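Heads up, the thing below is written out as structure tokens.
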Number of protein chains: 2
Amino acid sequence: MPSPALKPPETFFHSRLFRGLGNEELADLTAICQRRRLSAGEQLIKQHSTAQNVYVVVSGTLMIERLSRSGRRQVIAFAYSGDYIGFTNTEEYEYSVVSLRETELQSFVRREFLALVDQSSTLKANARQIGGNVLAQTLDQLFALGQKKAHERLCFLLAQIRRRQCGTQNADIELIMSRQDIADYLGLTIETVSRAFARLKSMKLIEIVSAHRIRILDHAILEELASVH
Amino acid sequence: MPSPALKPPETFFHSRLFRGLGNEELADLTAICQRRRLSAGEQLIKQHSTAQNVYVVVSGTLMIERLSRSGRRQVIAFAYSGDYIGFTNTEEYEYSVVSLRETELQSFVRREFLALVDQSSTLKANARQIGGNVLAQTLDQLFALGQKKAHERLCFLLAQIRRRQCGTQNADIELIMSRQDIADYLGLTIETVSRAFARLKSMKLIEIVSAHRIRILDHAILEELASVH
DNA sequence: CGTCTATTTGAATCGGCTCAAACCATGTGG
DNA sequence: CCACATGGTTTGAGCCGATTCAAATAGACG
């Protein structure tokens, strides 16, 4: 029987990181796991700070961004339930992380976490796979920014969010982030993003239920425009 | 004394991957290491093939690229001596790799290589660091494509190549790749790249010795324009 | 209901793209 | 050695997509 201090294993299952782990491994992880709660707009990681923790998103949404001295901003990713944060293999974080709404996290001390990873081949494989997915996702975005037109980039983002939210019952996409966040993610301006929405609407690919709620009318063409392969 | 089959450890020292390794670890690596030589234009990795090998560049230059069904191409990186290739943590390569000129490589069977990495904490740390650098480099490029103007992106590339070639005696930059390769790396067209060169020249930042040889006249401003921080 | 902010829409401008021609270096055959 | 062909690069002109600046509209919240 688990001691009272142990959270039930179910809380871990939302992330791929913990897939296939035995009870003992889960217990070890639980022992070094801290809960953390962020309110909307709160900063979790400050760019250039030393990488001391890794996190797993339990619920909510985070935004990973990079700011330059000149004031320009590139949004790198949006993280949802089950995503991992701070899986950097460098000394310091090269990005900031802020929450877009109330968000629950599991927090691990990096050093302790890596020690556990070393001991479990399953966990090691999972961590490797996650690292690979982070890079793969970044390469997809790189392709979109380098090769795609404004409305195609927007399809890229919509398709990506849809894939993350397909568990949800209804088909609508919820856009938690602002137009400015979308613009900085896609390397565009807010006006261009707004016009890209209008264009997709006029193409009958989407319906703009509200500024932050989009209904996809034609998945096939959306995916086609979003494709980076 | 090393057996005749063992290559001298010196051949490994060009890459960060092998930094700080003991003789025994080097011997293990040597035992599973194959030499490979590519002539200019030859393909090393085909996109979507299963990831069976990892490589370290001994000499020469490689180009990592991704092609989409629609025929568009994004160049992801240029790899020089000491760089690693195929450090994917995914099942298959999501990019192609071709050589830009005669290139020498060390080749390892991925599975065997990872087994060795598991056994050596130094090698493990090195591999982790390298993985981190790959991601960091990709994030830099992402920032450049998303936020920078054509001539700034070119500065980004020039500064990057200079950093890799600073070991060479003279200050000139050698551009092994074609204008088309540069364009696809920076998300531009060849004409725009050419005009960006002309612009940097008129700004007296560079001198175009020949199409493939650039002399930097003002490092400070070049770095400023190239900066992604 | 009014204020504040986010988003959309419009008009003008600009940067990068397209298409076309010129230029240049290299190599080949007469 | 020169004439010519070839592929890569540069330059020019016009166009189009994205940005900029400005104003209108829509939502959120007191």
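A note on names: the letters A, B, ... follow the listed sequences, proteins ahead of strands, and every chain is numbered from 1. None of the values given here were measured: they were computed from a predicted structure.
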Handout entry: Centroid separation A/Phe87 to A/Phe113 less than 6.0 Å
Key = yes
Exercise for the section: Go along nucleotides 14-21 of chain C 5' to 3' and tag each nucleotide: B for a protein heavy atom under 4.0 Å from its base, S when only backbone or sugar atoms are that close, - otherwise. Expected result: --SSBB--
Exercise for the section: Taking the six-membered ring of A/Phe197 (Phe, Tyr or Trp), confirm whether the NZ or CZ of A/Arg179 is under 6.0 Å from its centre and within 45° of its axis. Expected result: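 Yes.
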Exercise for the section: Round to a whole Å and report the spacing from CZ of A/Phe197 to C1' of C/dT8. Expected result: 12 Å
Practice task
Could you state the atom-to-atom distance from CD1 of A/Ile190 to P of C/dG10 in whole Å?
Solution key: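 Taking CD1 of A/Ile190 and P of C/dG10, I get 16 Å after rounding.
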Handout entry: Residue pairs passing the side-chain hydrogen bond (donor to acceptor under 3.5 Å, both in side chains) test where at least one lies in residues 126-146 of chain A, sequence neighbours excluded
Key = A/Gln137-A/Tyr185, A/Asp140-B/Arg66
Practice task
Under 4.0 Å from any heavy atom of chain A: name the first and the last nucleotide of DNA chain D that qualifies, 5' to 3'.
Solution key: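 Counting from the 5' end, contacts occupy D/dA18 to D/dC21.
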Practice task
Dump the intermediate steps for side chain to side chain contact (heavy atoms under 4.5 Å, CB included) on B/Lys148 and A/Arg72, then the final yes or no.
Solution key: CA-CA 9 Å; B/Lys148 284 184 170 293; A/Arg72 283 180 272 192; 4.1 Å; yes
Handout entry: Sidechain-backbone polar pair: B/Ser81 side chain, B/Ser59 backbone, donor-acceptor under 3.5 Å
Key =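 Here the side-chain-to-backbone pair does not exist.
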Problem - Distance-only side-chain donor-acceptor flag, B/Thr61 / B/Arg101, under 3.5 Å - result: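 Their side chains do contain a donor-acceptor pair, which is all the 3.5 Å distance test asks for.
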Problem - Pair listing, salt bridge (Lys or Arg N to Asp or Glu O under 4.0 Å) test, anchored in residues 185-203 of chain B, at least two apart - result: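 Pairs touching residues 185-203 of chain B that pass the test: none.
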Exercise for the section: Only one of A/Phe18, A/Tyr84, A/Tyr55 passes side chain to side chain contact (heavy atoms under 4.5 Å, CB included) with A/Gln106; say which it is. Expected result: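 Passing option: A/Phe18.
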Practice task
Classify the nucleic acid contact of A/Ser178 as base, sugar-phosphate or nothing, counting any heavy atom under 4.0 Å across all strands shown.
Solution key: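 Sugar-phosphate, backbone atoms only, no base.
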Handout entry: For B/Glu224, all residues meeting side-chain hydrogen bond (donor to acceptor under 3.5 Å, both in side chains), sequence neighbours excluded
Key =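 None.
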Practice task
Tell me, with the steps shown, if A/Leu17 and A/Val56 meet side chain to side chain contact (heavy atoms under 4.5 Å, CB included).
Solution key: CA-CA 9 Å; A/Leu17 182 60; A/Val56 175; 3.9 Å; yes
Practice task
Residues of residues 59-73 of chain A with any non-hydrogen atom less than 4.0 angstrom from an atom of DNA chain C: list those, numerically ordered, please.
Solution key: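 Residues of residues 59-73 of chain A under 4.0 Å from DNA chain C: none.
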